[in-house]
Amino acid sequence: MGRAPAPGAATPPLLIACALGIEQLALRSGDRSGAPGPVTVLRTGMGPERARAAVSRALGERHRWDAAVIASGFCAGLAPGMHPGDLVVADETRGPDGTTVCTGAELLVKALVRVVPGRSVHVGPLSGSDHVVRGPERAALRGTGAIAVDMESAATLRTARAAGAFGEGPGARPVAAVRVVVDAPEHELVRIGTVRGGISAFRVLRAVLPAFYEWHRSLLLPRR
């Protein structure tokens, strides 16, 4: 899955990208122990354009070519039966620029089940949008097979891969997307500001960091 650092080389960093201040607060206030290398929680701002610009700038100015990238924060669940506080692990993200296959989704699922016991973890395609999705548009996205939607993950991962040294081929930059459902079919948001009332989702997002570190650590193991 990953490539071990050369002897004496610094451990590749982990960049966690999120859009909102409340998401950054949750991720920064979680358990920071156990990280195998440097960790940065980057607030990109809302929307795909801001995500592209912020991630491109961060990877170009402050991180090495081999930094792993996770898009995280809140999302809208598309599948019936989803509830606020459920976790979504993308096996791929879908946006207007194409599809990005995620790295190590199964490992992330197993790690999340351990660190956030009792929470449902859904795995599948994560769709990108440039606005909050409601009503019929939500049903249409569900019809494509997507299980959740947010505004930044697809742009974040696409940008991260494009900025890597090896593109989509062997040795491509490791990327993943893990989101917490705050808006579900039976629990639609009235406005984006009501995310601040999602206490359950905030607590779950705050708890996920050890799973991110386990995923990151696995990337550093030599290939067999």
Side-chain angles (χ1 to χ4, degrees), residues 1-5 11-18 20 22-42 66-79 81-93 100-126 146-148 150 152-153 156-157 160 172-184 187 195 198-224:
M1 183 190 300
R3 300 196 310 160
T11 302
L14 173 63
L15 177 67
I16 304 171
C18 60
L20 303 176
I22 192 169
E23 296 168 335
Q24 186 182 49
L25 175 62
L27 291 162
R28 280 185 170 175
S29 61
D31 183 359
R32 301 300 294 268
S33 64
V39 179
T40 299
V41 179
L42 172 71
D66 53 352
V69 176
I70 296 180
S72 195
F74 302 128
C75 71
L78 300 175
M82 282 185 164
H83 297 90
D86 285 2
L87 285 150
V88 170
V89 175
D91 57 12
E92 65 179 33
T93 57
T100 302
V101 176
C102 296
T103 308
E106 291 184 3
L107 187 148
L108 268 170
V109 171
K110 293 177 182 177
L112 288 165
V113 168
R114 284 193 293 272
V115 304
V116 196
R119 290 291 176 180
S120 296
V121 182
H122 308 268
V123 186
L126 178 60
I147 64 168
D150 77 274
E152 296 83 26
S153 291
T156 293
L157 300 198
R173 183 192 302 280
V175 295
V178 177
R179 293 274 171 173
V180 181
V181 174
V182 74
D183 176 23
H187 307 271
V195 167
I199 297 174
S200 175
F202 179 89
R203 288 175 175 169
V204 173
L205 187 60
R206 188 180 180 187
V208 298
L209 284 177
F212 292 1
Y213 300 157
E214 186 172 338
W215 173 83
H216 189 203
R217 191 176 297 109
S218 76
L219 304 175
L220 307 178
L221 298 174
R223 288 180 175 176
R224 298 179 180 177

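In this structure, Cys102 and Leu157 have side chains that are in contact, with non-hydrogen atoms separated by less than 4.5 Å. With contacts defined as side-chain heavy-atom distances shorter than 4.5 Å, the pair Val181/Cys75 qualifies. Looking only at side-chain heavy atoms (C-beta outward), His216 and Val39 stay at 4.5 Å or farther from each other. By the 4.5 Å heavy-atom criterion applied to side chains, Leu87 and Val180 are counted as neighbours.
Test Leu27, Leu14, Leu25 against Val41 for side chain to side chain contact (heavy atoms under 4.5 Å, CB included) and you get one pass: Leu27. With Val208 as reference, Leu112 is the one residue of Ile70, Ile16, Leu112 to meet the side chain to side chain contact (heavy atoms under 4.5 Å, CB included) rule.
At distances below 3.5 Å, at least one donor-acceptor pair connects side-chain atoms of Glu23 with backbone N or O atoms of Phe74. Judged by distance alone, with hydrogens and angles left aside, the side-chain atoms of Arg206 form a donor-acceptor pair with the main-chain N or O of Ser29 at under 3.5 Å. Formation of a donor-acceptor pair under 3.5 Å by the Trp215 side chain with backbone atoms of Thr103 is found in this model.
Taken from CG in Leu205 to CZ in Arg179, the straight-line distance is 9.0 Å, to the nearest 0.5 Å. How far OG1 of Thr100 is from CZ of Arg173: 12.5 Å, rounded to the nearest 0.5 Å.
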Going by atom type alone, with no hydrogens or angles, which donor-acceptor pairs under 3.5 Å involve a side-chain atom of residues 114-126 and a protein atom two or more places apart or on another chain?
| unit_1 | atom_1 | unit_2 | atom_2 | d |
| --- | --- | --- | --- | --- |
| Arg114 | NH2 | Glu214 | OE1 | 3.1 |
| Arg114 | NH2 | Glu214 | OE2 | 2.2 |
| Arg119 | NH1 | Ser200 | OG | 3.4 |
| Arg119 | NH2 | Ser200 | OG | 3.1 |
| His122 | NE2 | Asp86 | OD2 | 3.0 |

- request: Any chance you could lay out the side chain to side chain contact (heavy atoms under 4.5 Å, CB included) test for Thr156 and Val175, step after step, and finish with the verdict?
  value: CA-CA 9 Å; Thr156 293; Val175 295; over 6 Å; no

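Between Ser33 and Asp31 the shortest heavy-atom distance is OG-OD1, 2.6 Å. Closest non-hydrogen pair, Val69 versus Ala160, comes out as CG2-CB, 3.9 Å. Ala105 and Asp91 get closest at one heavy-atom pair: CB-CA, 4.2 Å. Minimum interatomic distance between Leu78 and Ala146 (heavy atoms only, all atoms of both residues): CD1-O, 3.6 Å. Nearest approach of Val182 to Ala201, heavy atoms of both residues: CG2-CB, 4.0 Å.
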